[in-house]
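Inspection log for the structure reproduced underneath, given as structure tokens.
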Amino acid sequence: MKIAFLGPHASFTQLATTQLFPNEELLPQANILDCFAAVERGEVDKAVVPLENSIEGTVSMTLDYLYKTPSIKIEAEAVMPIAHHLMIHPDNKIEDVERIYSHPQALAQSFHFLDTHYKNIQRQDFSSTAAAAKFVSENPDQRIAAVANQFAANLYGLKITNRNIQDFEQNHTRFIVISKEGHFYKNKNLEALGEKSGLLITLPEDHAGGLHQVLSVFAWRKMNLSKIESRTLKTGLGNYFFFINVAGEWNPVLHQNALQELESIHASVDFLGNYKEFLLEA
Ligand SMILES: O=C(O)C(=O)Cc1ccccc1
């Protein structure tokens, strides 16, 4: 099987992907959009992308492409502890650094550390932490540093100057496995945390109590929502879609009826799947 992931090698997503798919062919992609496109075009069977971080919140690009590509479903979620380190080329000194590169989520998760210790140093977004580390290793003539993980430091031969720079000790990222088939991913070697369903919902039109009506479909059935997030539809200010997680195992009667009722109130629903959440190692 071919599995795409947000690369290059030694990205956090690769660390998650190797635990989820230890025996498959893993294909690094330049960014999250390329992961979705590779699945959509059938170049790979599945892809692994980050969805949400406990410090910084949702990875908006992932949510946007889940919405934009209704053919893509979710097969599993996986939660992994995240530790960020600041690293430089071994030929350089941290005092000389003028720019720090990383994935926007990593820069945001380390914002207070960077703001306290490297306040006047420019920060620049990169497609992944590992891409930033690779760039630093390939450009020893530039006064740059990267925020990335220990594996990236080892792989790209960088020197870690500051360890564990994330602003909160508890830092976890939730990754999703996406595919067109939406199979139910199973793995006896990983600890399963629970089961849930994922839905993308758009309200028919803006009217008083519209969201309440949608939520009541779940409420009176005692279906517990573990996440609800609104995201701009990009059709104008104030227009949103909602990403909703319903906790619990798939119950054919309850879930089917809830989906039918959502349809009957003219909410548009993309059912992303019913899937398990797994715990990964750092
Ligand atoms: O940039 C990476 O290495 C990723 O895989 C995305 C990411 C960034 C920050 C925390 C977790 C995942």
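Atoms within each ligand, like the ligands themselves, are counted from 1 in listed order. Side-chain atoms are counted along with the backbone in the values below, which use heavy atoms only and exclude waters and symmetry mates. Note that the structure is a prediction, hence the values are computed from the model and not measured.
Remark: ligand 1 atoms within the under-4.0 Å shell around heavy atoms of Leu6 are 4 (C), 5 (O), 6 (C). When each atom of ligand 1 is checked for a heavy atom of Ser11 under 4.0 Å away, the hits are 3 (O), 5 (O). Residue contact check: Ser128 has heavy atoms under 4.0 Å from atoms 1 (O), 2 (C) of ligand 1. Those atoms of ligand 1 with a heavy atom of His103 less than 4.0 angstrom away are 1 (O), 8 (C).
If you check which protein heavy atom lies closest to atom 11 (C) of ligand 1, you get Thr173 OG1, 3.4 Å. When hydrogens are left out, the protein atom nearest atom 3 (O) of ligand 1 is Thr129 OG1, 2.5 Å; that is the closest non-hydrogen contact. Remark: minimum distance from atom 12 (C) of ligand 1 to any protein heavy atom is reached at Phe12 CB, 3.7 Å.
Side-chain contact, Gln109 with Asn171: a donor N or O sits under 3.5 Å from an acceptor N or O. At a cut-off of 3.5 Å, with distance as the only test, a side-chain donor of Tyr118 or Asn162 sits close to an acceptor on the other residue. Remark: the Ser226 side chain and the Asn245 side chain contain no N/O donor-acceptor pair separated by less than 3.5 Å.
The aromatic rings of Trp250 and His255 sit tilted, their planes meeting at an angle between 30° and 60°. Under the 30°/60° scheme for interplanar angles, the aromatic rings of Phe36 and Tyr65 are found to be tilted.
Heavy atoms from both the backbone and the side chain of Thr13 come within less than 4.0 Å of ligand 1. When non-hydrogen atoms are compared, ligand 1 lies under 4.0 Å from the side chain of Ile82 (C-beta onward) but not from its backbone.
Ring pair Phe12/Phe151: centre-to-centre distance not below 6.0 Å.
Contact of the Asn224 side chain with the Val246 side chain is not registered, since no non-hydrogen atoms from C-beta on lie closer than 4.5 Å.
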